[in-house]
Student: 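Dropping the structure in here first, questions after.
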Number of protein chains: 2
Amino acid sequence: MRLLLIEDERELANALSAALSKQGIVTDHTLYLADAFELTLQNKYDAILLDRRLPDGEGLTFIPKLRRAGVDTPVLVLTARNEPMERVEGLDLGADDYLGKPFLVEELMARVRALLRRPPTLEEQCIRVGRLHIDPLHLDVLSGSVPLDLPKRELLVLQALAKRKGKTVLRSTLEDAVYNYEEEIQSNALDAHISRLRKRLAEADAGVTIHNIRGVGYLLREE
Amino acid sequence: MRLLLIEDERELANALSAALSKQGIVTDHTLYLADAFELTLQNKYDAILLDRRLPDGEGLTFIPKLRRAGVDTPVLVLTARNEPMERVEGLDLGADDYLGKPFLVEELMARVRALLRRPPTLEEQCIRVGRLHIDPLHLDVLSGSVPLDLPKRELLVLQALAKRKGKTVLRSTLEDAVYNYEEEIQSNALDAHISRLRKRLAEADAGVTIHNIRGVGYLLREE
DNA sequence: CTGCCAAGATTGCAACAGCATTACGGGGAT
DNA sequence: ATCCCCGTAATGCTGTTGCAATCTTGGCAG
């Protein structure tokens, strides 16, 4: 569980981080909206705790910006500006909850828990070829319902082929998919991977075949 | 938009219904939890507004009953019982929000709108793998019916793995789950945690194994 | 039809990066 | 004062992977 805390009172921030840490929650802390934005793009937070008065602006402006960037992490506004109409303002700008300072850590925790019970739904897309189910985001491959534990390189090859199933993938494209710029290969390493992958797919009865097109590349086909 | 209002003060209920009606919101109203339960089964509400002190009991008891019946409708508790710890109690019983009386109708509306923006589905609060029961929100881990108390970091690792049981979790994802960006690690601390966690899981006969995928990450499997 | 050659397939092997385990000690909590 | 957590580092281990040697296949020309 990981939160982003955007708060300019250092003492409060430290106290909160400590309290949350005891509850098994990892907290990143920043004072600046600009930093916060970068952090949300780099990490995946379960929720965001947001102060309003910040050195580089009104915290509430952060929420629409976040939403426009396609981030739908729950946001809990945490502020001394706690008049009813200020709360309305915050909520209508997209906040999911609004808690006035001072507050009990227990209440904060309970409200965070309430938010976490309704996590943003992300549908994980899954490529299907033959009996294979491939989750490219998470590097998982099932054959039927049996998990295949593929080594990294073979996995990358299979992924690259599956992403364009039925269509030819250039040899050079495959190489790019498996090796980054620093790792150059001076041999038939790719062929070796293809071969080993073929064997594994056959053993696992995956219902797919890797075809070769001379001088061009490879393609993945259902049997 | 259709709400269920469970409230015993008639004047308040009428005033609210009228106000909501002006916003184009249809409101069903009842005083009794028993009636409310029937109504939720017969109709599909967008949200439920719930008082605590009701003629036939404590309103909060209604929420677990609802959830057990498989109803995920957001619940907003609306009550004069507005001490912080009372709010915690309500939220932890499954309420999605908690608003003390007296309140502005505008704020109620804003909070309802906020609820409606969230996903209508609730997440399982308990993850089960092998003989393990993990409640990530309350830091409980049971192996069978024996409580395991794991050190914080090991718990975080286990949580991260269990949340995606059977699927690969990238090493970097695990690191993110355990350390914030200030706590950088310069060693194999994560490996050490994995190793200790494995030992503990084996001793506790947890019925799960932590697998490694070289160069990629780890995953949790039932035995 | 046949022969030749280049591209691909396969596989053993050795090297090494990545992992597992464990002991140690500092530091925080009880 | 004691206990335990946890980061560190040393040690040993192992699976993956790049390489190369060898065999197979396919395409093309004569």
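Residue numbers start from 1 in every chain, and the chains themselves are labelled A, B, ... in the order their sequence lines are given, proteins ahead of strands. Only heavy atoms go into these numbers, but all of them, side chains included; no hydrogens, no water, no symmetry mates. As the structure is a computational prediction, the values presented were derived from the model and not from experiment.
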Student: How would you list, by chain and number, every residue that makes a side chain to side chain donor-acceptor pair (under 3.5 Å) with A/R171, sequence neighbours excluded?
Tutor: A/D191

Student: Residues in side chain to side chain donor-acceptor pair (under 3.5 Å) with B/D72, at least two apart?
Tutor: none

Student: Hey, could you give me each pair passing side-chain hydrogen bond (donor to acceptor under 3.5 Å, both in side chains) that has a residue in residues 210-223 of chain B? Not counting sequence neighbours.
Tutor: A/D149-B/R221

Student: Could you report the tightest heavy-atom contact between A/L50 and A/G59, atom names first, then the distance?
Tutor: CD2-O, 3.3 Å

Student: With sequence neighbours left out, which residue pairs that include part of residues 117-129 of chain B fulfil the side-chain hydrogen bond (donor to acceptor under 3.5 Å, both in side chains) condition?
Tutor: A/D96-B/R118

Student: For residues 39-49 of chain A, which residue pairs pass the salt bridge (Lys or Arg N to Asp or Glu O under 4.0 Å) check, not counting sequence neighbours?
Tutor: none

Student: Let me have a per-nucleotide readout for nucleotides 17-30 of chain D, 5' to 3', with B, S or -, counting only protein heavy atoms under 4.0 Å.
Tutor: BBBBB---BB----

Student: When the nearest nucleotide of DNA chain C is assigned to B/S195 and to A/I210 on a heavy-atom basis, which residue is associated with the more 5' position?
Tutor: A/I210

Student: Which residues pass the side chain to side chain donor-acceptor pair (under 3.5 Å) test with B/D135, not counting sequence neighbours?
Tutor: B/H138

Student: Between A/E7 and A/K101, is the closest basic N to carboxylate O distance under 4.0 Å?
Tutor: yes

Student: Between which nucleotides of DNA chain C, read 5' to 3', does contact with chain A run, using atoms under 4.0 Å from its heavy atoms?
Tutor: C/dA6 to C/dG12

Student: Which residues pass the salt bridge (Lys or Arg N to Asp or Glu O under 4.0 Å) test with A/D28, not counting sequence neighbours?
Tutor: A/R2

Student: Just distance, no hydrogens or angles: give the donor-acceptor pairs under 3.5 Å from side chains in residues 174-181 of chain A, sequence neighbours left out.
Tutor:
unit_1, atom_1, unit_2, atom_2, d
A/Y179, OH, A/H193, NE2, 3.3
A/N180, OD1, A/E182, N, 3.2
A/N180, OD1, A/E183, N, 3.2

Student: Which part of the nucleic acid, if any, lies within reach of B/N212 when heavy atoms closer than 4.0 Å are counted: base, sugar-phosphate only, or nothing?
Tutor: sugar-phosphate

Student: Rounded to whole Å, please give me the gap between CG in B/L156 and P in D/dC5.
Tutor: 14 Å

Student: Find the distance B/D191:CG to D/dA10:C1' and express it as a whole number of Å.
Tutor: 14 Å

Student: Expressed as a whole number of angstroms, how long is the span from B/D149:CG to D/dC4:P?
Tutor: 11 Å

Student: For the helix from C/dC1-D/dG30 to C/dT30-D/dA1, what angle lies between the axis at the first five pairs and the axis at the last five pairs, to 10 degrees?
Tutor: 40°

Student: Can you measure B/L155 atom CG to D/dC4 atom P for me and round it to whole angstrom units?
Tutor: 18 Å

Student: Any side-chain hydrogen bond (donor to acceptor under 3.5 Å, both in side chains) involving residues 84-93 of chain A? Give me the pairs, sequence neighbours left out, ordered by first then second residue.
Tutor: A/R52-A/E89, A/R81-A/E86, A/N82-A/R87, A/R87-B/E107, A/D92-B/R113

Student: Whole angstroms only, please: what is the CD1-P distance between B/I194 and D/dT8?
Tutor: 16 Å

